[in-house]
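Side chains are part of it too, since the values below use all heavy atoms of this structure and drop only hydrogens, waters and symmetry mates. Letters go in sequence order (proteins before strands), and every chain restarts at 1. Please read all numbers here as calculations on a predicted model, not as lab measurements.
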Amino acid sequence: MSDLDEFRAEVRAFIDARAPRFPVKAGVRSPETEEDQEELRRWTRELFDAGYLGADWPVEYGGSGTDSGERDQIVAEELARAFAPLPPGGSMLAAAAILGFGTAAQKATHLPAIRSGSEVWCQLFSEPDAGSDLAGLRTRAVLAPDGSGDYLVTGQKVWTTNGQWADFGYLLARTDPDAPKHRGITAFAMDMRSPGLAVRPLREMTGTADFNEVFLDQVRVPASRMIGSPGQGWAIANSSLAHERSGVAANVVTLRELWRALWDQVSGTNPDADVRQRLLALHADVEALAALVQLGTERWRAGVPKIADAPMAKLMFSEVNLAIAETAVELLGPDGIFVEGDSRAIAGGRWQDAYLYARAYTIAGGSSEIMRNVIAERGLGLPR
Amino acid sequence: MLSLTDEQVSLAEAVRAWASGRDFLAAAREHPGAPTSVRESAASAAELGLLGILSPDGGGTYADLAVVVSELGRAGADAPVAEIAAALAAFSGDLDVAGVEAGSTLLVPAIANPEQAGVEAKPDSSGGLVLTGRLASVAGAGAADWLLVAAGSEAGPALALVPASAAGLTVTRRETLDITREFSAVELDGVVASSWTPDDGLLFDVLAVQAVVDAVGAAGALLEKTVGYVKEREQFGQVVGAFQAVKHHAATMATEWEAAYSVARAAALALDGHDATVRAHAVSVAAAYAKPACSRIAGTAIQLHGGMGFTWEHDVHVLVRRVKTDELVLGAPRWHRERLVRLLGA
């Protein structure tokens, strides 16, 4: 076995032994209870302590200071394979922003807390009127009139995963309304327990509340909680999002497992040729996506990524995921109507959940239509 | 690694330069489905070392050959260059290797599409095989001097070498969708082959991948032509590529092409591996995804070229025909999906 194979086996055994066992649900979901939330904090801490998260962090913050790209990918893949809960995405994103742009004091305060799971972060980016057009965000941060240097933040955020559990929010707010829209944005670390801040769970079409709305009314943020400098927020957000790359490879594993579960379920029922054909076409779609992601990852590691690599992977993943879920529900026939909680539900209702949740992928993080625009305009050079 | 090596990048550039000096698409319109320069093209490809690329002296891999095939598909090349190289590598019996590598003696594989009946072989008294059967379409058979016939026998599959002039062998040119290449029916009625070797199944997988990679090459040319066209063609006072409907078509083409290219490359690399099951899976996955994907790309290429693309004089339809032909030969997508069912053990 190669070193990486050994590492993979070690990670797999660790996940089998230590991961919380939440019911299998599609996508990125919020813990439903306080106990689950505590389990997630413990799990986050154990992943960091084992060196499976944050290995690329500087040594003084507990990392090994190595370029851990391949190992990060293996950890992400193994978590996906086991359908194990992921550490809070907001925490990982905020850590990347603080590592890249934070002050020494911010690093000393937040990085150990993120590692230990004592600080859970959410992402405060999207707004009701700034979804695909994120740079159009309107939440304002203005200097407090008392001369303290603090900012007062007013506006509304939405699609906030873990908002109800988070201790801090990684906030993008407009500090300069007169600047070009990408230049007037600043990043902050927002204490989620601040006066004037209200979190309201947002129930989605899945029936669960995995996102939240966050209302901000003159919420005070000390200047010391600004990440980077004024107007640097857009660049910081893009830089920290680039760290999500390992998640793309993990998505491939998720789809492989999803397809395999569907195949195992259907292949025992003596499927006719048309059903076999449809399922194997989906298998080929998944493997073609895997190859596309592999080639894109190779280019990224070699320092020569193409601008359309990530949007293509996102687009194809979302669409293939949707197709698998739609096919699964359709093939269940009349029993396809039964959902989680009904005794007739097949596989605990996971296919209905996957079917409903699949639209989160085709819409969130840049909808499929936005991905096609980006691919056409920035990848192929068609006029904007 | 799916990324090309530096040597493969150079190889692709060399083949592209070679092909760009020959307007295969114009020639195809001139003599549809009956290329007149096959021997000349083969001899010229031989000078580049392409026919013997898999020989010990050539030092190439199947992945290298796929790089060549992609360029041949892109250009709509007329000669069965990759087929010759694959036949040479598959056959270790008595053969004029030097003549074939030089392009002076044309040898092509004669192998059944897997959906169709193939050739049956019976042993004769002197250790040879007697071949009987009918192959509906064999690429390049019309110009070939020798055929490497894949045949089933009681002793297992075999590859049997026969001269095109053998008694009992009839080659009949067919009219096909593809106008860049020649396809012929090959009928064998008790043809005696004195030279043969066992067939381990690799040749079929090699040719199946070549059909996929050829389609990817041609679809890549169609994607480039289409993107170029929609950047120039103006309607309603702007280039049509500014319309979002057109952008979304182009983005879908580009994404599907990237996936088709990547999965075809993975299959080409698997041809050089040692595990026949892994190889078969990679080949059929690539065929199942990339064949229909390339046909969709080709269809959209016509659509985005508008009326221009519908004309005989335009290059687009010539490549569309080649892509669709590649989809259907050596295992249509439906056959490859069924093979995946068997490989996954349903």
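Of all the listed residues (B:Lys247, B:Met253, B:Arg265, B:His249), the one sharing the greatest number of non-hydrogen pairs under 4.5 Å with chain A is B:Lys247. Considering only heavy-atom pairs separated by less than 4.5 Å from chain A, the leading option among B:Val263, B:Leu340, B:Thr255 is B:Thr255. Among the candidates A:Met316, A:Gln277, A:Glu319, A:Glu369, the residue making the largest number of heavy-atom pairs closer than 4.5 Å to chain B is A:Gln277.
The CG atom of B:Leu344 lies 5.0 Å from the CH2 atom of A:Trp259; values are rounded to the nearest 0.5 Å. Rounding to the nearest 0.5 angstrom, the gap separating the CG atom in B:Leu2 from the CD atom in A:Gln294 is 4.0 Å. Note that CG of B:Leu343 is 8.5 Å distant from NE2 of A:His283, once rounded to the nearest 0.5 Å. With rounding to the nearest 0.5 Å, the separation of CG in A:Asn373 from CD in B:Gln244 is 4.5 Å.
Counting heavy atoms of neighbouring residues, nucleotides and ligands inside a 6.0 Å radius, atom NZ of A:Lys181 exceeds 12 of them. Counting heavy atoms of neighbouring residues, nucleotides and ligands inside a 6.0 Å radius, atom CZ of A:Arg301 exceeds 12 of them. For CZ of A:Phe317, the number of neighbouring non-hydrogen atoms (other residues, nucleotides, ligands) closer than 6.0 Å is greater than 12. Heavy-atom neighbours of A:Glu10 CD from other residues, nucleotides or ligands within 6.0 Å: above the threshold of 12. At most 12 non-hydrogen atoms from other residues, nucleotides or ligands lie less than 6.0 angstrom from CG of A:Asn270. Around the CH2 atom of B:Trp257, the shell of radius 6.0 Å holds more than 12 heavy atoms that belong to other residues, nucleotides or ligands.
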Check the pair A:Leu292, B:Tyr261 against side chain to side chain contact (heavy atoms under 4.5 Å, CB included), reporting the backbone distance first and the verdict last.
-> CA-CA 8 Å; A:Leu292 176 143; B:Tyr261 170 84; over 6 Å; no
Could you walk me through whether B:Arg339 and A:Leu280 pass the side chain to side chain contact (heavy atoms under 4.5 Å, CB included) test, one step at a time?
-> CA-CA 10 Å; B:Arg339 183 160 79 148; A:Leu280 271 298; over 6 Å; no
Verdict with supporting geometry, B:Glu258 and A:Arg299, salt bridge (Lys or Arg N to Asp or Glu O under 4.0 Å) = CA-CA 13 Å; B:Glu258 192 72 22; A:Arg299 283 198 281 254; 2.7 Å; yes
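Using a 4.5 Å cut-off between heavy atoms, A:Arg260 contacts chain B through its side chain alone, with no backbone atom that close.
The heavy-atom pair separating A:Ala273 from B:Arg334 by the smallest distance is CB-NH2, 3.8 Å. Annotation for B:Ser262 and A:Leu295: closest pair OG-CD2, 3.5 Å, computed over non-hydrogen atoms. In terms of heavy-atom proximity, B:Ala250 sits nearest to A:Leu380 at O-CD1, 3.6 Å. Of all heavy-atom pairs between B:Ala251 and A:Ala376, the closest is CB-N, 4.2 Å. The two residues A:Leu382 and B:Val230 make their nearest non-hydrogen contact at CD2-CG2, 3.7 Å.
Side-chain N or O atoms of A:Glu298 include one that pairs as donor or acceptor with a backbone N or O of B:Ser3 at under 3.5 Å.
The pair B:Glu256-A:Arg372 does not count as a salt bridge, with every side-chain nitrogen at least 4.0 angstrom from each carboxylate oxygen.
Side-chain contact between B:Arg337 and A:Arg276 is absent, with no heavy atoms from C-beta onward closer than 4.5 Å.
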